[in-house]
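We name chains A, B, ... by the order of the sequence lines, and we start the count at 1 in each one.
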Amino acid sequence: MYTQIYNLIFKRNSTFVATVFASTFLFQVGLDETVTSWYEARNKGKLWSDLKPKILAGFESEEDDE
Amino acid sequence: MFSQFGSALKHGARSFSTAAKSDVSSNTKKIVNAAVAATGLTAAFILYQDSQTAQAMTAAEHGLHPPEFNWSHNGMFDTFDHASIRRGFQVYREVCAACHSLDRIAWRNLVGVSHTNSEAKAMAEEFEYDDEPDDEGNPKKRPGKLADYIPGPYANEQAARAANQGALPPDLSLIVKARHGAADYIFALLTGYPDEPPAGVTLPVGANYNPYFPGGSIAMGRVLFDDLVEYEDGTPATTSQMAKDVSTFLNWTSEPEHDERKRLGAKALIVVTALYFVSVYVKKFKWTTIKHRKIVYHPPKK
């Protein structure tokens, strides 16, 4: 197991650097997704994405306004 | 408490003087003591004198401090209420825009914040902007585009002052950042006009009384009254509702990056916290051999 990881990643600098770059990219995407979905859930009801459908519907259903 | 402090000082002084016995002559000591006493007495005298006089800048001159309101965007991770921004823009357009400009906001800034692309385009097209001159060099006009900035009500400062009895209605783009109390102040100012100025207050002609405005005498009269505008989403347009919405809107114009800033702040906090713990681990790792080594001395045996 460890030897496998060593041979695959750490042995050569090229693979090591490539791993660093790739995992940075994936980490950033994952963190961004997680934080954004938490942030938008937390602020649900106040966002543009909540307002836009109401505008497009011409504010017909007036009871669910905050 | 003071006697304890005093004896500690004396003790300190004594041990100091024993350490440096021969160097400090008693004359030097006297001079130092005199200087300390003179400084202390002068400071006490100045403080006493200061306490005897009344404040020249009274609370009325500073303006009343606005109360802190419970804005829905107050928290560290709370976004603006975009429905409120939209209503606030309507209040700005229908009320404040008669006197106040909003120079730093372009029509495109509203897109995806409070208005759709086509709405913002339609609003921009209602205004005429200078176009390139035609082939004979005559100035031309064109309808507004998304990239144009929202036009102000007056051609220049002189025109603005002439229309407002010499007072200049400030540009509102950054007003929330430009005033102590920020949005709280704007809300308090707009809703803070009493029916009559308090007894004993005389105002210049054309001025109005508002306790939140420094000095109390403001050239802008009360502008918000119940049901002045009609909200498309059915929200009752009370004075305080309109003041809340326009304050939220002006807060957005001052900080258009607000929502994104807080989102990135959350990300930054997570990453920085993780890096902090990594740095603690690395420090412990690097120092462990030094911290745990043991120095043993074996005295030579005779």
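Taking the six-membered ring wherever Trp is involved, the centroid distance between the rings of B/His100 and B/Tyr92 does not fall below 6.0 Å.
Ranked by heavy-atom pairs under 4.5 Å with chain B, the list A/Leu56, A/Ile55, A/Leu31 is led by A/Ile55.
A cation-pi arrangement is present between B/Lys283 and B/Trp287, with the terminal nitrogen or guanidinium carbon under 6.0 Å from the aromatic centre and inside a 45° cone about the axis.
Neither the backbone nor the side chain of A/Asp50 comes within less than 4.5 Å of any heavy atom of chain B. Only the backbone of B/Ser114 comes within less than 4.5 Å of a heavy atom of chain A; no side-chain atom from C-beta onward does. Only the side chain of B/Ile270 comes within less than 4.5 Å of a heavy atom in chain A; its backbone stays farther off.
Ring geometry, B/Trp252 versus B/Phe249: the interplanar angle falls from 30° to 60°, so the pair is classed tilted.
For the residue pair B/Asp184/B/Trp71, the side-chain donor-acceptor check at 3.5 Å is satisfied.
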